[in-house]
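Here the structure is laid out as structure tokens; the discussion comes afterwards.
Every number for a ligand or one of its atoms is a count from 1 in the order of the listing.
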Amino acid sequence: MRKKIVAGNWKCNTTLQEGVQLAKSVNDLVAKEGAADVVVVLGTPFTHITSVVSAVDTNRIGVAAQNCAAEAKGAFTGEVSAAMVKSTGAEYVILGHSERREYYGETSAILNKKVALALENGLTPIYCCGEAFEVRNANTQNDFVKTQLDETIFTLSADDFKKIVIAYEPIWAIGTGVTASTEQAQEMLAFIRGLIAEKYGKEIAEETSILYGGSCNAKNAPELFAQPDIDGGLIGGASLKAEDFLAIINAY
Ligand code: PEP
């Protein structure tokens with residue numbers, strides 16, 4: 001059975017001390033009350049990963065970087081390689097987030113290098129896709145997302161593809177307080193699963209965890225997570241409060 005996953009994306013928030021405190025709070029709440037069948041992931045800034053790994057029970061909570069370099073190593077000042085991320089104890093890396101695509105010019109070609117390096121280093125990519133408002137407005141979101149996937153993770157071998165978690169995040173819903181309707185989210189995730197089935201076969205499609213992200217919160221998570229193709233969430237704002245994040249983890 002495919003995994004249910006609730007992953008937090010802290011983005012560029014929290015000092016190291018605040019982040020460790022948040023991780024400890026999540027860890028304690030999850031240990032006491034967290035749904036046992038949900039994989040919990042904390043996507044922290046690079047600077048926090050080692051400390052967060054030490055602060056949580058890593059048998060219960062996974063830690064993610066929010067990015068990694070497109071090069072293995074060398075003269076790339078300020079970059080953090082996939083091998084470096086792996087050496088911190090992180091198990092996941094969020095790749096292709098719309099903020100990285102938009103503000104840092106991450107193209108499909110760059111993302112392919114990052115995904116390859118993440119996989120080579122034993123990290124699980126949480127690979128984001130999703131359309132902007134204009135695309136949704138023109139009702140071309142399916143073609144748009146298909147192209148995003150065709151150009152990137154659909155070029156992987158079946159063995160590598162099986163290691164990927166997908167997060168569908170419509171850009172118009174990220175950080176805006178506007179969630180995709182349950183129907184819109186389910187429809188897109190079912191569409192993506194259908195594409196995976198066409199490309200890699202039904203068995204792999206059924207085993208791939210596909211998350212929804214975009215203003216998901218404690219209130220709307222139960223209805224979203226009740227949909228047959230929604231295997232959890234990538235959570236931004238609501239992952240910064242331990243109680244809210246726990247409520248989302250327990251929303252199944
Ligand atoms: C995100 O950025 O991945 C995200 C889903 O943000 P938010 O939950 O704040 O919309």
How about Asn112 and Thr152: does a side-chain donor come under 3.5 Å of a side-chain acceptor? no

Members other than Tyr104 in its cluster, when Ile, Leu, Val, Met, Phe, Trp, Tyr link by side-chain heavy atoms under 4.5 Å? Tyr103

List for me each residue that meets side-chain contact (heavy atoms from CB on, under 4.5 Å) alongside Gln227, sequence neighbours excluded, and say none if there are none. Thr182, Gln186, Ile230

Residues joined to Val41 in its hydrophobic cluster, side chain to side chain under 4.5 Å directly or through other members, sorted by chain and number, are Ile5, Val39, Tyr92, Ile94, Ile126, Val165, Leu211, Leu234

Can a donor-acceptor pair be found between the side chains of Glu169 and His97 at a distance below 3.5 Å? yes

Check the surroundings of atom CD in Glu203: do more than 12 heavy atoms from other residues, nucleotides or ligands lie under 6.0 Å from it? no

Contact set, ligand 1, heavy-atom distance under 4.0 Å, ordered by chain/number, equals Asn9, Lys11, His97, Glu169, Ala173, Ile174, Gly175, Gly213, Gly214, Ser215, Leu234, Ile235, Gly236, Gly237

